[in-house]
Number of protein chains: 2
Amino acid sequence: MSYIPKSTCYRVTPQRRIVLEELKKVCTHPTAQEVYELVQKQDKSVSLATVYRSLDFLVEQELVIKLKARGKQARYDADLTQHCHLVCKKCGRVSDCFDVEKLKIDSKEIGKLGFCPCLDYLEIPGLCRECCGC
Amino acid sequence: MSYIPKSTCYRVTPQRRIVLEELKKVCTHPTAQEVYELVQKQDKSVSLATVYRSLDFLVEQELVIKLKARGKQARYDADLTQHCHLVCKKCGRVSDCFDVEKLKIDSKEIGKLGFCPCLDYLEIPGLCRECCGC
DNA sequence: TTTACTATTGATAATGATTCTCAACAAGAG
DNA sequence: CTCTTGTTGAGAATCATTATCAATAGTAAA
């Protein structure tokens with residue numbers, strides 16, 4: 001698994017490999033529970049706690065993005081190409097959007113606030129096709 | 001309390017009034033627990049459950065915005081003037097930003113996805129002054 | 001004003017996503 | 001092999017939020 005840098009003192013375990021590989025297969029931004037179900041199809045012995053720990057580890061290694069979105073469950077994404085997320089306020093579903101002009105923030109305002117924005121993987125609230133009446 | 005529309009069949013109770021008034025006094029985007037503490041200073045008898053219910057009610061009435069932000073606790077804002085929120089990925093603190101050019105999303109992309117974005121009250125991740133080394 | 005009805009409340013239990021604990025295990029260095 | 005340290009599975013604990021329920025308080029009709 002070339003994804004995970006060898007430089008760390010942490011190991012590339014079979015569990016972590018499966019979690020990342022399964023996450024790379026889908027584009028549905030699954031919850032930890034859903035990742036667990038995907039992982040279970042590969043290896044019944046992997047526990048939910050390990051899935052949570054592996055996801056934390058992969059987020060730490062910047063190989064996976066954690067989305068807070070709406071809803072109580074976090075969602076995960078292993079697609080690292082620059083894009084933002086359209087998050088439905090009603091049903092919580094998340095879809096990708098690759099054609100978004102970057103947000104422009106007034107530089108004076110920024111300086112005043114001393115805030116360093118991370119505009120990649122922005123989460124844009126709204127209503128998806130199913131939930132939007134219009 | 002002129003804020004709450006009379007058209008609904010719901011009542012303007014003392015508890016709801018206090019919650020909204022306390023929230024209007026601050027610009028710190030408090031959590032429900034923090035709102036509870038503010039409310040307690042006005043009326044010891046108001047319960048935490050009522051604070052949660054009042055906040056839900058006020059969000060429903062579109063008098064208050066609920067922020068999911070980072071961290072596990074939701075945060076609330078009674079400032080309805082258009083602005084976005086700068087959310088620190090590290091400490092979870094939220095600050096306001098009033099000078100942001102709206103995000104531009106490719107109309108073809110939008111059409112394809114059938115997504116209606118709500119660009120008000122956008123939450124922009126980043127690092128605040130304290131957490132940003134630079 | 002009574003009465004009936006419904007919304008609201010405080011207290012507390014329940015929920016559920018996530019994190020923690022801990023004994024067992026595994027990989028690598030010496 | 002042995003020591004050290006990271007990792008795992010199982011299950012308990014945490015904690016923000018929501019649900020339950022009996023009591024209460026407006027409100028509208030009689």
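In what follows, every heavy atom counts, from backbone to side chain, and hydrogens, waters and symmetry copies are set aside. Per chain, numbering begins at 1; letters A, B, ... match sequence-line order.
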In whole angstrom, give the distance that lies between atom [atom1] of [X] and atom [atom2] of [N].
{"X": "B/Lys72", "N": "C/dT18", "atom1": "NZ", "atom2": "C1'", "result": "6 Å"}
{"X": "A/Arg75", "N": "C/dT18", "atom1": "CZ", "atom2": "P", "result": "10 Å"}
{"X": "A/Ile18", "N": "D/dT8", "atom1": "CD1", "atom2": "P", "result": "11 Å"}
{"X": "A/Glu60", "N": "D/dT7", "atom1": "CD", "atom2": "P", "result": "12 Å"}
{"X": "B/Leu58", "N": "C/dT8", "atom1": "CG", "atom2": "P", "result": "12 Å"}
{"X": "B/Gln73", "N": "D/dA16", "atom1": "CD", "atom2": "P", "result": "5 Å"}

- Message: Is the terminal nitrogen or CZ of A/Arg16 (NZ for Lys, CZ for Arg) located under 6.0 angstrom from the six-membered ring centre of A/Phe57 and within 45° of that ring's axis?
- Response: yes

So, is [X] close to the [N] phosphate, meaning a side-chain N or O under 4.0 Å from OP1 or OP2?
{"X": "A/Thr31", "N": "C/dA17", "value": "no"}
{"X": "A/Thr13", "N": "D/dT8", "value": "yes"}
{"X": "B/Arg16", "N": "C/dT8", "value": "yes"}

- Message: Does anything in residues 41-56 of chain B come within less than 4.0 Å of DNA chain D? Heavy atoms only, and list the residues if so.
- Response: B/Ala49, B/Tyr52, B/Arg53, B/Asp56

- When we call it a touch if two heavy atoms are under 4.0 Å apart, what does B/Gln15 touch: a base, just sugar-phosphate, or nothing? sugar-phosphate

- Message: Going by side chain to side chain contact (heavy atoms under 4.5 Å, CB included), A/Val26 matches just one of A/Asp77, A/Val35, A/Leu38, A/Asp79. Which one?
- Response: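 Exactly one candidate clears the test, A/Leu38.
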
- Message: For A/Gln42, give me all partners under side chain to side chain contact (heavy atoms under 4.5 Å, CB included), at least two apart in sequence or on another chain.
- Response: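 Checked A/Gln42 against side chain to side chain contact (heavy atoms under 4.5 Å, CB included); matches are A/Ile18, A/Glu22, A/Lys25.
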
